[in-house]
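Below is one structure, written out as structure tokens; comments come after it.
These numbers come from a predicted model, not from an experiment.
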Amino acid sequence: AVAECALGALSYNGQRCTAIKQMMVHKDVADEFVQKFTAKVGSLKLGLPWEAGTDITPLPEPSKPQYLAELRADAEAKGAKIISPGADQDWGYTAV
């Protein structure tokens, strides 16, 4: 389930209309799922599309990193807990 959720949420940088935006996980397995999902996301490699082993490529528009930072700030202000590895780092870079 973890691998499929990571693929569904992050393929094409999550920029497709069918990308997973929310995951519902039963409370009995939630802690284990979060731990495994966090590890999976942390193992993904940022890079250019033509570089071997790249999992996450540049964002499609120059405004996307700022937009994502605003979404994150809004979520944190509403009580979200950021668990992703490197969450305090830059959101990435744009392709243009």
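- Lys45 contributes a side-chain N or O that, together with a main-chain N or O of Ala52, makes up a donor-acceptor pair within less than 3.5 Å.
- Thr54 is not listed as a side-chain neighbour of Leu46, based on a closest heavy-atom distance of 4.5 Å or more.
- In the hydrophobic clustering of this structure, Met23 groups with Val29; members are Ile, Leu, Val, Met, Phe, Trp, Tyr whose side-chain heavy atoms approach within less than 4.5 Å, directly or through other members.
- Under a cut-off of 6.0 angstrom, the local environment of NZ in Lys81 is sparse, with at most 12 non-hydrogen atoms contributed by other residues, nucleotides or ligands.
- Atoms OG1 and CG, from Thr57 and Leu48 in turn, are 8.5 Å apart once rounded to the nearest 0.5 Å.
- For the atom pair NZ of Lys36 and SG of Cys5, the computed distance is 12.5 Å after rounding to the nearest 0.5 Å.
- For the residue pair Pro49 and Pro58, the shortest heavy atom distance occurs at CD-CD, 4.1 Å.
- Scanning all heavy atoms of the two residues, the minimum distance from Gly8 to Arg16 falls at O-NH1, 3.2 Å.
- Counted within 6.0 Å of CG on Asp31, heavy atoms from surrounding residues, nucleotides or ligands total 12 or fewer; the atom is thus considered open.
- By the ring pair (Phe, Tyr, Trp, His ring centres under 6.0 Å) test, Tyr67 is found to be paired with no residue, residues two or more places apart in sequence or in another chain being considered.
- Atom CG of Asp55 and atom OG of Ser43 lie 7.0 Å apart (nearest 0.5 Å).
- The structure places CD of Gln35 at 8.0 Å from OG1 of Thr38, a figure rounded to the nearest 0.5 Å.
- Residues passing the salt bridge (charged side-chain N to carboxylate O under 4.0 Å, His left out) test with Lys78 are Asp74, sequence neighbours excluded.
- Connection of Leu7 to Val2 is not established within any shared hydrophobic cluster, with ILVMFWY side chains joined at heavy-atom distances below 4.5 Å, either directly or through further cluster members.
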